[in-house]
**Q** 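Below is one structure. I have some questions about it.
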Amino acid sequence: MKITSFQVRCVIVPMPEPLRTASGTVGVSPLVLLTINTDAGVQGHSILFSYGLAAQKPLAELMRNLESVAVGQPLAPADLSRRLHGHFRMLGTEGLVGMALAGIDMAVWDAFARAHELPLSTMLGSSPRPVQAYAGVSYEGALGSGQSAEKWARKGFKAVKAKIGYPTVAEDLAVVRAMRSAMGPDAAIMVDYNQSLGTSDAARRLRALEGEGLAWIEEPIVAHDHAGLVQLAAAITTPLQAGENWLGALGFRHAFDAGVRGLAMPDAMRCGGVTGWQQIAALGQLYGVALSNHFWPEVSAHLLCATPTAHWLEYMDWWNPILKEPLDVRDGMAYTSERPGSGVEFNEAAVQRYLV
Ligand SMILES: [Mg+2]
């Protein structure tokens with residue numbers, strides 16, 4: 001079976017609710033949708049998220065330019081990944097290049113699993129199983145965060161993660177306590193600073209959160225300050241979480257080599273797609289690091305099934321409108337589709353509606 005063509009489309013999907021963070025509000029998802037066609041009629045799909053509008057069209061253009069490198073190649077994800085990475089040996093595979101390669105990798109793995117009529121998790125040597133999932137609460141103050149947590153609890157979630165990093169540590173604490181009282185003593189509560197603290201401020205703030213029973217504190221400081229993360233981890237008992245901003249398996253190796261342990265969360269688009277994730281899953285097993293995902297809930301649910309140290313699935317519903325079958329989450333557990341592929345298939349009517 002050989003790859004015959006790419007279809008690359010840009011859509012702008014409105015968020016179900018605007019995402020508020022300490023650094024601004026996001027109302028839409030600019031996405032690049034890739035469909036890979038093969039000579040047997042099997043297709044593969046993937047979604048890339050450019051965060052802002054400025055990078056959406058350049059990313060789509062980059063993927064279109066890579067069509068000629070993939071066309072005519074066998075539908076063999078590992079071989080194609082090596083070929084595509086080899087193509088960029090001089091430029092490197094970070095930034096937009098890495099995102100484009102990850103998008104192709106995810107679509108090729110999706111087609112590969114469909115060609116074998118197996119779910120991706122089975123294709124990776126595992127099998128579909130339920131994965132514990134948490135939902136997100138944005139930067140909405142104590143009252144708003146408590147109400148959002150309650151909304152997720154009503155949908156069956158037993159875990160939520162809030163954006164914090166308010167002007168004062170008292171406000172951070174108020175948010176955590178509002179969510180705790182909404183969710184109950186047994187809920188898992190996580191918080192995410194999105195790299196907003198300086199190292200000395202972080203030590204003070206994280207110590208103030210010590211008594212709250214948090215499941216993790218995410219990215220308190222810049223994600224690439226490995227020494228800072230090691231130092232902070234030694235000063236507290238709450239686990240630290242990081243990884244959504246580490247690029248490729250190499251980014252994880254650098255962090256682990258620097259002594260960063262705790263918890264890690266690869267982002268399928270930044271970590272190199274399915275192929276990159278598999279390398280990180282092996283590192284997670286060797287270093288004894290529990291792995292959760294960042295975004296990409298459909299594909300990540302399959303990947304977590306095949307990850308020896310799988311921890312939590314981050315659920316998000318932002319891209320549900322363009323999916324034929326969004327991830328099934330019930331009673332706080334995510335159930336991967338047992339249909340062939342990675343779980344990504346487009347709702348064509350919705351894609352046409354949001355097409356740019
Ligand atoms: Mg985060």
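Numbers for residues simply follow the sequence, beginning at 1. Every number for a ligand or one of its atoms is a count from 1 in the order of the listing.
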**Q** Is the Phe252 ring parallel, tilted or perpendicular to the Trp246 ring (thresholds 30°, 60°)?
**A** perpendicular

**Q** Indicate yes or no: at least one non-hydrogen side-chain atom of His311 is less than 4.5 angstrom from one of Trp216.
**A** yes

**Q** Could you check which N/O/S atom of Asp192 is closest to the Mg ion (ligand 1)?
**A** OD2

**Q** Using 30° and 60° as the class boundaries, would you call the ring planes of Trp152 and Phe157 parallel, tilted or perpendicular?
**A** perpendicular

**Q** State, with a plain yes or no, whether a side-chain heavy atom of Val137 is found less than 4.5 Å away from one of Val175.
**A** no

**Q** From the Mg ion (ligand 1) out to just under 2.8 Å, does an N/O/S atom of Glu244 turn up?
**A** yes

**Q** Determine which of the N, O or S atoms in Glu218 is closest to the Mg ion (ligand 1) and give its atom name.
**A** OE2

